[in-house]
Amino acid sequence: MKNRCIITFEGLNINRFVNNLCRQNITILGLSRDGKQCILQVDATHSQKVVAQLKEKCYNILDIHYTGVSFGLQFAKARFVLIAAVLLCVILLGISSQICLRIETQGDFDDVAVRQALYDSGIGIGTPLVGFNPDAVENAVANKLKAMYAVVSRKGSVIYVNAVATKQIDMPIDMSKRRDVISTVNGIVTSVLCEQGNLLVKVGDAVKVGDVLIEGRRVFNDGESRDVYALGRITVRQSVQGSVEFNGYKTELQPTGNECVKTGVVLFGKEYVQGCPYDSFSVKSSYAYLQPLNLAIIYNTYCETRSVTVSCSLNDCLDELQKQAYDSALKECGFVPQDVEYTVTGNIVTATLSAQTYIQ
């Protein structure tokens with residue numbers, strides 16, 4: 001297809017203008033008129049000269065478009081940023097497929113431990129996957145974790161790991177030896193089950209670490225005894241309390257009305273965004289995801305806040321008081337709490353943390 005420039009314009013003395021073009025050896029490839037409006041076709045190499053003369057003569061140019069190779073060149077020129085962005089996306093997509101962007105773990109080991117073993121083996125978020133050797137990584141991860149075996153596979157930019165622990169064989173119990181059931185915690189006995197031995201505690205007894213709960217001794221009716229391997233299960237309830245006093249006031253954060261927005265990117269799971277200029281603030285984040293590049297634009301809206309002390313009733317700030325009581329109890333807690341109970345006595349809020357421990 002011949003490279004043409006098709007110009008639509010309007011004005012007076014069109015014949016004179018066309019004759020002037022011919023005198024300049026500008027070949028007219030097509031011409032049509034409708035009143036004051038004219039559609040002129042010239043070789044694309046003369047387009048800039050013709051357009052310049054139209055502007056000089058003050059003609060009203062309505063449209064300019066190209067055919068053939070010139071159309072592609074003009075299209076690319078007019079949309080350079082868009083084309084560059086598409087090319088960049090294609091390049092980044094090709095590059096990202098050779099970079100580890102996500103790690104999925106399963107099996108018998110903690111996710112953090114597996115990721116650390118992978119990292120020690122040379123694989124982590126953001127590391128290149130060129131020359132990735134799953135067999136070598138499997139051996140390295142299994143050795144690091146002391147696992148029975150590990151299976152490592154790759155799908156695109158995602159690494160999948162399944163590590164299985166070595167099965168432990170329970171050692172046989174020598175039932176001929178004496179053995180006492182001894183408390184490992186401080187607390188209150190809530191249930192007892194003695195299968196063999198001399199039970200020394202009952203429900204409601206307070207016990208501490210080191211107390212013998214079931215003695216490894218069997219007592220016969222005639223008063224004689226012999227050593228045995230004590231068997232049974234004692235349930236001990238551990239508990240700890242924390243309290244806070246209500247003083248009629250509470251401190252809350254209130255917005256000052258000052259706001260600012262900071263823009264950043266999320267790359268390989270990490271956020272790169274400017275910090276907040278306020279000492280005290282709340283933040284709202286929104287994201288615009290660029291798929292399939294695993295890239296996101298983050299918009300953080302920071303709202304400045306200040307601490308204000310206001311009067312309130314106990315019910316108004318009960319949730320905060322319970323949290324303070326819980327935190328106070330947790331500081332003294334030497335076990336993982338399973339239950340929490342809150343009580344209010346006068347202006348004192350108390351949190352009781354407890355857990356059941358089975359000793360056998």
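Under the 3.5 Å distance criterion, with hydrogens and angles disregarded, a donor-acceptor pair is assigned to the side chains of E252 and Q254. There is a side-chain donor-acceptor pair under 3.5 Å between T45 and D43. At a cut-off of 3.5 Å, with distance as the only test, a side-chain donor of S243 or T350 sits close to an acceptor on the other residue. No hydrogens or angles considered: nothing links the side chains of Q106 and N162 as a donor-acceptor pair under 3.5 Å.
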side-chain hydrogen bond (donor to acceptor under 3.5 Å, both in side chains) between Q238 and S354, intermediate numbers included: CA-CA 5 Å; Q238 305 175 79; S354 61; over 6 Å; no
Steps toward ring-ring contact (aromatic ring centres under 6.0 Å, His included) verdict (F17, Y59): CA-CA 10 Å; F17 177 78; Y59 284 99; 5.2 Å; yes
Full working for side-chain contact (heavy atoms from CB on, under 4.5 Å) between L145 and V114: CA-CA 7 Å; L145 296 174; V114 175; 4.1 Å; yes
Step-by-step side-chain hydrogen bond (donor to acceptor under 3.5 Å, both in side chains) determination, S239 to T352: CA-CA 7 Å; S239 64; T352 303; over 6 Å; no
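Sparse packing is recorded around CD of E224, with 12 or fewer heavy atoms of other residues, nucleotides or ligands lying under 6.0 Å away. Around atom CG of D63, more than 12 heavy atoms belonging to other residues, nucleotides or ligands sit under 6.0 Å away. Residue F220 places its CZ atom among more than 12 non-hydrogen atoms of other residues, nucleotides or ligands, all under 6.0 Å distant. The number of heavy atoms from other shown groups lying within 6.0 Å of OH (Y287) is above 12. Under a cut-off of 6.0 angstrom, the local environment of NZ in K144 is sparse, with at most 12 non-hydrogen atoms contributed by other residues, nucleotides or ligands. In the displayed structure, D279 atom CG is contacted under 6.0 Å by at most 12 heavy atoms of other residues, nucleotides or ligands. Crowding of R218 atom CZ: a count of heavy atoms from other residues, nucleotides or ligands under 6.0 Å not exceeding 12.
Side chain of S328 to backbone of Q324: no donor-acceptor contact under 3.5 angstrom is found. For D316 (side chain) and S313 (main-chain N/O), a donor-acceptor pair under 3.5 Å exists by modelled atom type. Distance alone, capped at 3.5 Å, places no donor-acceptor pair between the Q41 side chain and the C5 backbone. For N20 (side chain) and R16 (main-chain N/O), no donor-acceptor pair under 3.5 Å exists by modelled atom type.
Under the salt bridge (charged side-chain N to carboxylate O under 4.0 Å, His left out) criterion, R115 pairs with D111, sequence neighbours left out. Legend: residues meeting salt bridge (charged side-chain N to carboxylate O under 4.0 Å, His left out) with K155, ordered by chain and number and at least two apart, are absent.
The pair R306-E304 does not count as a salt bridge, with every side-chain nitrogen at least 4.0 angstrom from each carboxylate oxygen. Salt bridge status for D319 with K323: absent, with no side-chain N to carboxylate O gap under 4.0 Å. Salt bridge R179/E215: absent, no basic N to carboxylate O contact under 4.0 Å.
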Without placing hydrogens or testing angles, list every side-chain donor-acceptor pair under 3.5 Å for residues 331-344, not counting sequence neighbours.
unit_1 : atom_1 : unit_2 : atom_2 : d
Q338   : OE1    : Q356   : N      : 2.9

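In this structure, N300 and K284 have side chains that are not in contact, with every pair of non-hydrogen atoms separated by 4.5 Å or more. You'll find the side chain of Y160 reaches within 4.5 Å of the side chain of S153, heavy atoms only. The shortest side-chain heavy-atom distance between I234 and L199 falls under the 4.5 Å cut-off. The side-chain heavy atoms of V236 and V207, taken from C-beta on, include a pair separated by under 4.5 Å.
Atom OG1 of residue T127 and atom CD1 of residue I99 lie 8.5 Å apart, to the nearest 0.5 angstrom.
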